[in-house]
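Please read the structure below before turning to the comments.
In the text below, chain A, chain B and the rest are named by the order of the sequence lines, each starting its count at 1. Computed from a predicted model, the values in this text were never measured in an experiment.
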Number of protein chains: 2
Amino acid sequence: MTTTTRTTGLRPEDIVEVAHRLISEHGLAEFSMRKLAAELDVNPMTIYLRFDNKEALLDAVARHGLARVRLPPLPVGAPWPDRAVALCEALRRHLVADRNLLPLYASDGRMSNAVVQSVEQGLALMEEIGYRGDGAVLAFRSIFWHTVGFALVDQSVERFPANGPGGLGDLVEIDESTHPNFHRHLSSFTTVDGDHLFSHTTRLLVAGLYGDAARSMEPT
Amino acid sequence: MTTTTRTTGLRPEDIVEVAHRLISEHGLAEFSMRKLAAELDVNPMTIYLRFDNKEALLDAVARHGLARVRLPPLPVGAPWPDRAVALCEALRRHLVADRNLLPLYASDGRMSNAVVQSVEQGLALMEEIGYRGDGAVLAFRSIFWHTVGFALVDQSVERFPANGPGGLGDLVEIDESTHPNFHRHLSSFTTVDGDHLFSHTTRLLVAGLYGDAARSMEPT
DNA sequence: ACCTGAACACCGTTCAAGT
DNA sequence: ACCTGAACACCGTTCAAGT
């Protein structure tokens with residue numbers, strides 16, 4: 001009869017799952033190997049028997065989180081631009097779903113798994129309006145990285161100073177003489193709504209893609 | 001006659017400048033208050049007499065770095081889309097000029113100062129094609145945050161796996177039956193060229209902006 | 001063979017003690 | 001008044017010692 005100690009039953013998946021939860025709850029900056037061990041009620045060094053180091057563990061946590069991404073089916077029958085925007089918005093929703101996980105996914109090129117979920121639908125969309133081969137991949141990459149970029153920008157946008165007390169005007173000198181345009185539009189510099197700005201910008205980019213495809217199919 | 005000790009002569013600007021250099025040379029992750037003190041040949045605690053904490057110092061370093069951004073004049077006489085793209089590319093060049101500084105600028109909403117340099121030219125461009133008031137600000141924000149987003153994405157893009165040994169195919173299962181589009185385009189998934197992808201995508205977005213402005217000026 | 005306590009080389013920051 | 005050494009509460013990681 002063999003006795004199993006507590007740590008023998010500790011599977012790598014359990015470590016990854018608890019790490020994922022801790023990062024989700026308290027953020028990547030707060031996360032440490034020692035806190036993870038405490039949460040698992042285990043000696044800190046036991047984790048090093050399963051993972052080479054913190055980096056390797058974080059890689060596993062990122063893979064675990066990104067593998068869960070499932071994009072919803074796109075609206076059938078809708079006009080092409082609407083479906084392209086819907087794909088971007090679905091991808092965005094997954095990326096910004098948990099603000100604490102995004103910094104983990106974004107660093108050190110861990111975005112790989114997210115792409116696979118969207119690439120099938122994305123390439124099909126591009127072929128639908130006439131993009132072929134390398135052109136289809138380039139078109140898809142445009143909206144994919146645009147979406148990832150806006151997700152990364154979200155935290156900056158959130159804290160971006162608006163017009164008003166303690167806002168833009170206090171940060172920088174906005175003189176009517178040196179910055180006439182800025183000065184005249186100052187009242188329009190309200191707090192940025194990340195979702196709205198993303199939707200708007202994505203619609204413009206998709207319109208550009210759509211027009212470009214139509215133009216390249218014209219007889220020369 | 002007053003004697004000045006070494007540290008008395010230590011101005012906050014000197015601290016900021018050396019911190020900027022250290023981050024530029026070795027990256028934000030490597031930077032520490034103790035290493036900075038050693039480089040300044042000063043007791044680590046002396047820095048705390050000038051700055052409340054590390055966060056406040058990094059804020060000052062970011063402001064110092066972003067204040068240097070000077071956008072070149074846009075090409076006069078060129079078509080509108082070319083000038084809009086040129087503005088984005090100039091902004092991008094400054095953001096990605098020093099890869100080690102970008103993580104500093106991007107975190108904790110420190111992007112404020114960069115905007116002021118580009119907002120004057122950006123708003124003028126938007127008014128030129130008919131955008132007014134809030135619409136002009138929204139249009140400017142679209143290309144500004146698009147540019148910042150792509151700069152942030154750059155490090156991810158750089159390490160993004162291409163097709164080939166150790167690349168995409170090894171990371172995820174790309175079956176002909178489950179991912180027919182992906183499988184057929186696999187050879188097009190070469191290493192991403194960040195600059196090229198940015199130029200291409202920005203051109204599309206700018207085309208979208210241009211078309212949108214033209215459309216909204218049509219008589220209804 | 002499998003686990004772990006102590007130790008090492010680092011952090012940011014506080015504060016009492018020095019000049 | 002101005003500076004600093006020692007100390008505190010943390011890190012990630014190594015490795016000799018235990019069972």
Atom CG of B:Asn53 and atom P of D:dC10 are separated, to the nearest Å, by 18 Å
Atom CD of A:Glu30 and atom P of C:dC11 are separated, to the nearest Å, by 19 Å
Rounded to whole Å, the OH-C1' distance (A:Tyr48 to C:dC2) equals 18 Å
| query | Do any side-chain nitrogens or oxygens of B:Lys35 fall under 4.0 Å of OP1 or OP2 in C:dC11? | reply | yes
Mutual orientation of the aromatic rings belonging to B:His146 and B:Phe150 [parallel < 30°, tilted 30-60°, perpendicular > 60°]: tilted
note: B:Phe51, atom CZ; C:dG12, atom P; distance rounded to Å ~ 15 Å
Here the distance between atom P of C:dT4 and atom CG of A:Asp41, to the nearest Å, is 11 Å
Closest non-hydrogen contact found for B:Leu197 with A:Leu138 is CD1-CD1, 3.7 Å
D:dC2 -> Watson-Crick or G-U wobble partner, both distances under 3.5 Å, gives C:dG18
Separation of D:dG12 atom C1' from A:Ile47 atom CD1, nearest Å, is 11 Å
Q.
More than 12 heavy atoms of other residues, nucleotides or ligands under 6.0 Å from CD of A:Glu13: yes or no?
A. yes
Taking a pair to mean Watson-Crick or G-U wobble geometry with both distances below 3.5 Å, C:dA7 pairs with D:dT13
Using a strict cut-off of less than 4.0 Å between a Lys/Arg side-chain nitrogen and an Asp/Glu carboxylate oxygen, indicate whether B:Arg110 and B:Glu55 qualify as a salt bridge. yes
B:Asn43 has its side chain closest, among D:dT4, D:dC3, D:dC11, to D:dT4
Taking distance alone, no hydrogens or angles, what donor-acceptor pairs closer than 3.5 Å link side-chain atoms of residues 18-29 of chain B to residues at least two apart or in another chain?
residue: B:Arg21; atom: NH2; partner: B:Glu39; partner atom: OE2; Å: 3.1
residue: B:Ser24; atom: OG; partner: B:Asp98; partner atom: OD2; Å: 2.6

Of C:dA7, C:dC3, C:dG12, the nucleotide closest to the side chain of B:Arg34 is C:dG12
Picking from C:dT4, D:dC3, C:dG12, the nucleotide nearest the side-chain atoms of A:Thr46 would be C:dT4
Whole-Å distance, A:Ile15 CD1 to C:dC3 P, equals 11 Å
- [ ] Determine the contact category for A:Met45: base if any of its heavy atoms lies under 4.0 Å from a base atom, sugar-phosphate if only primed atoms, P, OP1 or OP2 are that close, otherwise nothing.
- [x] base
From the candidates C:dG12, D:dG12, D:dT4, the one with an atom nearest any side-chain atom of B:Ser32 is C:dG12
Between CG of B:Leu40 and P of D:dC3 the distance, given in whole Å, is 14 Å
Quick note, A:Lys54 side chain, CB onward, closest among D:dT13, D:dG5, C:dG12 is D:dT13
